[in-house]
There are 2 protein chains.
Amino acid sequence: MDILYQRFIDHYSGSQQLTDHTKAEICNHLSILHLNKKHVLIKENQQHDFAYFVIKGAVRSYFLKDGIEVNTWFALENDMVGSLQNFNDKPSKETIELVENSTLISINLKKLKPLMFSNIQISNFINAVIEEYALFLEEKIYFSQMMHSIDKYLILLDKEPQLFQRIPLTYIASFLGITRETLSRLRAK
Amino acid sequence: MDILYQRFIDHYSGSQQLTDHTKAEICNHLSILHLNKKHVLIKENQQHDFAYFVIKGAVRSYFLKDGIEVNTWFALENDMVGSLQNFNDKPSKETIELVENSTLISINLKKLKPLMFSNIQISNFINAVIEEYALFLEEKIYFSQMMHSIDKYLILLDKEPQLFQRIPLTYIASFLGITRETLSRLRAK
DNA sequence: ATGATTTTGTGACATATATCAAATGAAATC
DNA sequence: GATTTCATTTGATATATGTCACAAAATCAT
């Protein structure tokens, strides 16, 4: 098995020991992609069959609100990228786009998902993916409900310093729910 | 099987047909509770073994930020109530409290969760619960990133009109990320 | 390298919302 | 039903953040 596939599988198998058969079944639906900055993985309002795992690179997700981009999250190495809507055969609410030239594993959800009804290890594997995503969302909400932007900025800087090196501040400002001018002023202190 | 348990199980079994054996296994870890307004189900920073399903009533979740309550969500009939942290044996980040006298089903996570490794139907069942929760969180984030509070208020009023009849405006204001005074002024229009 | 494009920073001003204080209204308790 | 408690509204003022305009700096493509 490719070492990169192994990295993806290990990341979500947790305490569970997957059999070689299960690993092979998962790998059947994986491929490795090398794509350039600005490449769009998933388009808002469209249906897609794939999710992605970041081997190397940076990705952002955004939706359009009154013509302006609202950034919802960023993914770096070992993060999962995708739309929960797509997982349920619905069109994505967000556009997912590369911020750096990246190496990704694509996961064919359309083919992998049905296996969760016959293979318990795959069911638990998918469970782990969704659970990690839900924890991430909770964290995000928790932190977005803090009143002052300065606090949010400092916490993000502390928790995810890499973002500030790799993601344009314009996107980060929008993620924090403020304008780029306000973020620039907060940083001036 | 109790008709209320049936309602809970049906709500999350989706397309999946559960065997009587699985249903019985799940029911082993359910109980029905009648509790009064202000009763605290889950306390911030404490570990709890239960999640809850609302048969009748209203529930809110909040955490303390600089001594003031920040409301994170509300649950009404057929909603699930719990902390994802508790599901992973970690202390809850939020306090969960009844807003009305309520009838709930309690779910013993400590005992139910391990079954997902041996019973694929239970694994998929838990999957459905977490997935619905993640979709709910996504919705919440999607809508909290809109700039103007007035929009958020109007959308909430449109999507969840019952909340405004049953949940005090003070809590709703905090949920929207504004003060009760501001919400009151928005409503005056 | 050079010019073009994108990203970031700064200033002046407008506006939404917070804060503090108090009055009114509604609900719970005795 | 009267009294206490809690929830909501309204007013005056302060503050944080948005908006618009433009300059500076960094990055990209040829």
Side-chain angles (χ1 to χ4, degrees), chain A residues 35-40 57-60 62 64-71 74 95 97-102 143-157 161-189, chain B residues 35-40 57-58 60 62 64-71 74 97-102 143-157 161-189:
Chain A
L35 295 167
N36 287 333
K37 192 169 164 167
K38 303 234 169 176
H39 180 94
V40 172
V59 185
R60 74 178 176 120
Y62 66 90
L64 289 177
K65 166 78 187 161
D66 301 331
I68 61 164
E69 292 178 1
V70 178
N71 287 265
F74 309 106
T95 295
E97 180 186 293
L98 302 192
V99 176
E100 298 174 355
N101 299 343
S102 306
F143 134 106
S144 80
Q145 297 223 4
M146 308 195 179
M147 304 301 170
H148 302 290
S149 313
I150 181 74
D151 295 334
K152 295 195 221 171
Y153 168 70
L154 290 172
I155 289 172
L156 192 64
L157 190 61
Q162 334 86 294
L163 287 185
F164 291 86
Q165 262 111 57
R166 298 170 64 181
I167 308 284
L169 290 172
T170 314
Y171 301 157
I172 294 180
S174 145
F175 172 80
L176 290 171
I178 57 181
T179 59
R180 62 214 151 76
E181 292 94 333
T182 300
L183 179 56
S184 175
R185 284 177 186 120
L186 291 178
R187 279 162 64 81
K189 301 181 205 172
Chain B
L35 295 167
N36 288 332
K37 191 169 167 168
K38 304 235 169 177
H39 181 94
V40 172
R60 72 179 177 119
Y62 66 89
L64 289 178
K65 166 80 186 158
D66 301 331
I68 61 164
E69 291 178 3
V70 178
N71 287 264
F74 309 106
E97 180 186 294
L98 302 193
V99 176
E100 298 175 355
N101 299 343
S102 306
F143 133 107
S144 80
Q145 296 223 2
M146 308 193 179
M147 304 301 171
H148 303 290
S149 313
I150 181 75
D151 295 334
K152 294 195 222 170
Y153 167 70
L154 290 171
I155 289 171
L156 192 64
L157 191 60
Q162 335 85 294
L163 286 186
F164 292 86
Q165 262 112 57
R166 299 170 62 181
I167 308 283
L169 290 172
T170 314
Y171 300 157
I172 294 179
S174 147
F175 173 80
L176 290 171
I178 57 183
T179 59
R180 60 214 147 80
E181 292 95 331
T182 300
L183 179 56
S184 174
R185 285 180 184 114
L186 291 177
R187 281 162 63 82
K189 301 181 203 173

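Order of the sequence lines sets the chain letters (A, B, ...), proteins ahead of strands, with each chain counted from 1.
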What is the distance, to the nearest angstrom, from the CD1 atom on B:I178 to the P atom on D:dT8? 13 Å

Start with the C-alpha gap between A:L156 and A:F175, add the side-chain angles, then the distance that decides, and say whether side-chain contact (heavy atoms from CB on, under 4.5 Å) holds. CA-CA 11 Å; A:L156 192 64; A:F175 172 80; 4.1 Å; yes

Measuring from B:L98:CG to B:H39:NE2, what's the distance to the nearest 0.5 Å? 6.5 Å

Nearest whole Å is fine: how far is C:dT19 C1' from B:L183 CG? 16 Å

Set of residues satisfying side chain to side chain contact (heavy atoms under 4.5 Å, CB included) with respect to A:L154, sequence neighbours excluded: A:I150

Which residues, if any, of residues 163-173 of chain A bring a heavy atom under 4.0 Å of DNA chain D? none

Value in whole Å for how far the P atom of C:dT6 lies from CD of A:E97: 12 Å

Sequence-aligned protein contact record of nucleotides 19-30 of chain D, with B where the base is within under 4.0 Å of a protein heavy atom and S where only the sugar-phosphate is: BB-------S--

Rounded to whole Å, please give me the gap between CD in A:E69 and P in C:dT7. 10 Å

According to salt bridge (charged side-chain N to carboxylate O under 4.0 Å, His left out), does anything in residues 168-184 of chain A pair up with another residue at least two apart or in another chain? List the pairs. none

Round to the nearest Å and state the distance from A:L186 atom CG to D:dA16 atom C1'. 10 Å

So what is the end-to-end bend of the helix from C:dA1-D:dT30 to C:dA23-D:dT8, with 5 pairs used at each end and the value given to 10 degrees? 60°

Does A:L176 offer a backbone N or O that forms a donor-acceptor pair with the side chain of A:K152 under 3.5 Å? yes

Listed partners of A:Y171 passing ring pair (Phe, Tyr, Trp, His ring centres under 6.0 Å), at least two apart: none

Check step by step if side-chain contact (heavy atoms from CB on, under 4.5 Å) holds for B:R60 and B:E69. CA-CA 11 Å; B:R60 72 179 177 119; B:E69 291 178 3; 2.9 Å; yes

Once you measure the plane-to-plane angle for B:Y153 and B:F164, does it fall in the parallel (<30°), tilted (30-60°) or perpendicular (>60°) bin? perpendicular

Quick one: which of C:dT10, C:dA18, D:dT10 gets closest to the side chain of A:A188? C:dT10

Measure from CD1 on A:I68 to C1' on D:dG18 and round the result to the nearest Å. 11 Å

Rounding to 0.5 Å, atoms CD1 (A:I178) and CZ (A:R185) come to a distance of 11.0 Å

With side-chain contact (heavy atoms from CB on, under 4.5 Å) as the test, would you mind laying out the steps for A:K37 and A:V99 before giving the verdict? CA-CA 5 Å; A:K37 192 169 164 167; A:V99 176; 5.8 Å; no

So, B:R166 side chain and B:G57 main chain: donor-acceptor pair closer than 3.5 Å or not? yes

